[in-house]
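Beneath this line is the structure, given in structure tokens, with notes to follow.
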Amino acid sequence: MVVSAAISARIQSLIDELQPGDSLGQWLTRVCKDELNALLLRGNRIYLWALRPDGTVLRMDHEAFNHPAEPETDPLVLHAVLTHGARTHPDLQDLVPARPDGARPCRSCEGSGMVACKQDGYDSCLGCNGLGWVVTGQRG
């Protein structure tokens, strides 16, 4: 992915603004800022995704020893992660690829990518993996 100098600088600025504390609950912010120089975009029960200023999206298994990170290569996952990241950081919207031809808004979340959740308020829609759209033949 090609990232403009302006977006790269904005990503770095967001990383620099991170204020990880010393508590156990702040380990992820510390790893992203101090070890990966990356901005956390999204996580699920297994993986966490973070964005580097050069546009690389890293995937980290948060239960693996030493939290190894590797570039994410799945185009659908990249799209979902960047879409979610752009909701949190609108400056990143230019990084989100266009919807594929034939995609339609997800009926489960009405195109928002988010659904109400009793515990956390909102969570990513399982029907579209947080994209807000589905390709014909998918369930959402």
Side-chain angles (χ1 to χ4, degrees):
M1 168 182 354
V2 178
V3 177
S4 72
I7 292 177
S8 179
R10 180 62 183 140
I11 295 167
Q12 187 62 59
S13 173
L14 290 167
I15 295 166
D16 292 343
E17 291 170 9
L18 294 173
Q19 298 292 318
D22 293 331
S23 71
L24 184 59
Q26 292 291 310
W27 70 269
L28 181 55
T29 304
R30 285 193 302 275
V31 168
C32 285
K33 182 175 183 171
D34 299 337
E35 296 178 27
L36 302 175
N37 191 44
L39 177 67
L40 181 65
L41 295 180
R42 177 160 176 73
N44 63 21
R45 293 176 190 222
I46 301 171
Y47 296 112
L48 303 161
W49 291 272
L51 177 66
R52 285 191 168 153
D54 68 358
T56 301
V57 175
L58 298 173
R59 179 184 66 229
M60 178 173 59
D61 180 338
H62 63 79
E63 293 184 356
F65 185 70
N66 288 332
H67 311 292
E70 58 188 33
E72 180 59 67
T73 58
D74 183 316
L76 188 58
V77 171
L78 284 168
H79 197 290
V81 168
L82 291 168
T83 297
H84 184 81
R87 284 189 190 112
T88 307
H89 305 287
D91 302 7
L92 305 180
Q93 185 62 46
D94 288 345
L95 299 179
V96 179
R99 266 190 339 200
D101 291 337
R104 62 170 172 75
C106 176
R107 290 185 207 113
S108 300
C109 66
E110 299 177 353
S112 72
M114 305 296 283
V115 293
C117 175
K118 287 184 180 181
Q119 292 178 339
D120 302 319
Y122 285 92
D123 199 2
S124 292
C125 175
L126 295 177
C128 65
N129 291 320
L131 292 171
W133 51 265
V134 294
V135 177
T136 303
Q138 287 182 327
R139 63 184 174 142

Where the side chain of [X] meets the backbone of [Y], is there a donor-acceptor pair that is under 3.5 Å apart?
X	Y	answer
Arg30	Gly21	yes
Ser8	Val3	no
Thr83	His79	yes

Inset, instruction - For atom CG of Asp16, decide whether the heavy atoms of other residues, nucleotides or ligands shown that lie under 6.0 angstrom number more than 12. - result: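 It does: Asp16 CG has more than 12 such atoms within range.
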Legend entry - Other residues, nucleotides, ligands: >12 heavy atoms within 6.0 Å of Glu110 CD: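 Counting other residues, nucleotides and ligands, CD of Glu110 stays at 12 neighbours or fewer.
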For the atom pair [atom1] ([X]) and [atom2] ([Y]), what is the distance rounded to the nearest 0.5 Å?
X	Y	atom1	atom2	result
Gln19	Gln26	CD	CD	10.0 Å
Leu36	Leu51	CG	CG	11.5 Å
Leu41	Leu58	CG	CG	9.5 Å
Asp34	Thr29	CG	OG1	9.5 Å
Arg59	Leu48	CZ	CG	11.5 Å

Legend entry - Basic-acidic side-chain contact under 4.0 Å: Arg52, Glu72: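 Here Arg52 does not pair with Glu72 in a salt bridge, since their nearest N and O are not under 4.0 Å apart.
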Legend entry - CA sep, side-chain torsions, deciding dist, call: Ile11, His89, side-chain contact (heavy atoms from CB on, under 4.5 Å): CA-CA 9 Å; Ile11 295 167; His89 305 287; over 6 Å; no
Legend entry - Option passing side-chain contact (heavy atoms from CB on, under 4.5 Å) with Val115 (candidates Cys125, Cys128, Cys106):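 Testing Val115 for a side-chain contact (heavy atoms from CB on, under 4.5 Å) against Cys125, Cys128, Cys106 leaves exactly one candidate, Cys125.
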